[in-house]
Amino acid sequence: QKEVEQDPGPLSVPEGAIVSLNCTYSNSAFQYFMWYRQYSRKGPELLMYTYSSGNKEDGRFTAQVDKSSKYISLFIRDSQPSDSATYLCAMSRSNTGKLIFGQGTTLQVKP
Amino acid sequence: EAGVAQSPRYKIIEKRQSVAFWCNPISGHATLYWYQQILGQGPKLLIQFQNNGVVDDSQLPKDRFSAERLKGVDSTLKIQPAKLEDSAVYLCASSHSGVGKYEQFFGPGTRLTVL
């Protein structure tokens, strides 16, 4: 069993839709949870960062962490074609330790 | 600030050949990471440096992979000899040691194809 599970998709939505991306994990030692966005042939870039449980909002993006269920989510409101990318969840035991990534979900937002 | 630089961007080699990748992290970043990203998968950490010392190399196939970070700045990752399953994108990332040190900044990667 992988430490972090993520549905690879692909996920295709119309412009303006609300997108929900999710990851589950098995290791309760994870404390730091991140979402990275990766455009084709580019390196990942940090989108959202959350420590422990709770919600965090940044513009159109909301990250949720439920440690009791070992489940994290990323919501994208009013999705745009420019949001089309692969979204990777990542987790770490410490804020300087190695990141364990999910497989990534490919999202396509159609105009 | 300038981002993480990597070269070459693409490399095609035959199996059993050797190859080397170069990474220049963001200026002042003490921590440097090398990840392997196989097509359709998330990045997997190969090695983490703090300045020029190795912090974690538990997932580095040491029989064929080696990495060094001279003077705590640039780093090279070498594969010798390459196998077909080494075909992947090799990503370099760096982070600093101050506030926000959790954030890893990634370079564009080197796409390796082993034939």
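None of these values were measured; they are calculated from a predicted model. Within every chain, numbering begins at 1; the chains are lettered A, B, ... in the order of the sequence lines, protein sequences first and strands thereafter.
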Which distance, rounded to the nearest 0.5 Å, do you find between the NZ of A:Lys98 and the CG of B:Leu46? 10.5 Å
Taking every heavy-atom pair that is under 4.5 Å apart, which of A:Gly43, A:Pro44, A:Pro8 has the most such pairs with chain B? A:Pro44
In Å and rounded to the nearest 0.5 Å, what is the CZ to CG distance from B:Phe105 to A:Leu46? 8.0 Å
Of the backbone (N, CA, C, O) and the side chain (C-beta and beyond), which part of B:Gln59 lies under 4.5 Å from a heavy atom of chain A, both, or neither? side chain
Only one of A:Leu99, A:Ile100, A:Leu88 clears side chain to side chain contact (heavy atoms under 4.5 Å, CB included) with B:Pro43; which? A:Leu88
Are A:Ile72 and A:Phe101 grouped together when hydrophobic residues (ILVMFWY) are joined by side-chain heavy atoms under 4.5 angstrom apart? no
Which atoms of A:Gln6 approach chain B - backbone, side chain, both or neither, heavy atom under 4.5 Å: neither
Side chain, backbone, both or neither: which part of A:Tyr51 has a heavy atom under 4.5 Å from chain B? neither
Heavy-atom check, side chain of A:Met34 versus side chain of B:Gln104, under 4.5 Å: no
same_hphob_cluster(A:Tyr36, A:Phe30) at 4.5 Å side-chain heavy-atom cutoff: no
Heavy-atom count check: over 12 atoms from other residues, nucleotides or ligands less than 6.0 Å from B:Lys62 NZ? yes
Is the side chain of A:Gln103 donor-acceptor paired with the backbone N or O of B:Gly40 at a distance under 3.5 Å, no angle test? yes
Identify the residues of residues 73-85 of chain B whose heavy atoms come closer than 4.5 Å to a heavy atom of chain A, ordered by number, or report 'none'. none
Could you see if B:Ile47 belongs to whatever hydrophobic cluster contains B:Val89? Use Ile, Leu, Val, Met, Phe, Trp, Tyr and a side-chain cutoff under 4.5 Å. no
Applying a criterion of heavy atom separation less than 4.5 Å, what residues of residues 9-25 of chain B form contacts with chain A? B:Arg9, B:Tyr10
What part of A:Tyr32 gets within 4.5 angstrom of chain B, counting heavy atoms only: side chain, backbone, both, or neither? neither
Side-chain heavy atoms nearer than 4.5 Å, only ILVMFWY residues, links allowed to pass through others: does that put A:Phe33 and B:Leu45 together? no
Contact part of B:Ser58 toward chain A, heavy-atom cut-off under 4.5 Å: side chain, backbone, both or neither? side chain
Assess whether atom CG of B:Leu115 is packed by more than 12 heavy atoms of other residues, nucleotides or ligands within 6.0 Å. yes
Using non-hydrogen atoms only, which part of B:Gln37 is less than 4.5 Å away from chain A: side chain, backbone, both, or neither? side chain
Is it possible for you to say whether A:Leu11 and A:Leu47 belong to one hydrophobic cluster, with membership spreading through side-chain heavy-atom contacts below 4.5 Å? yes
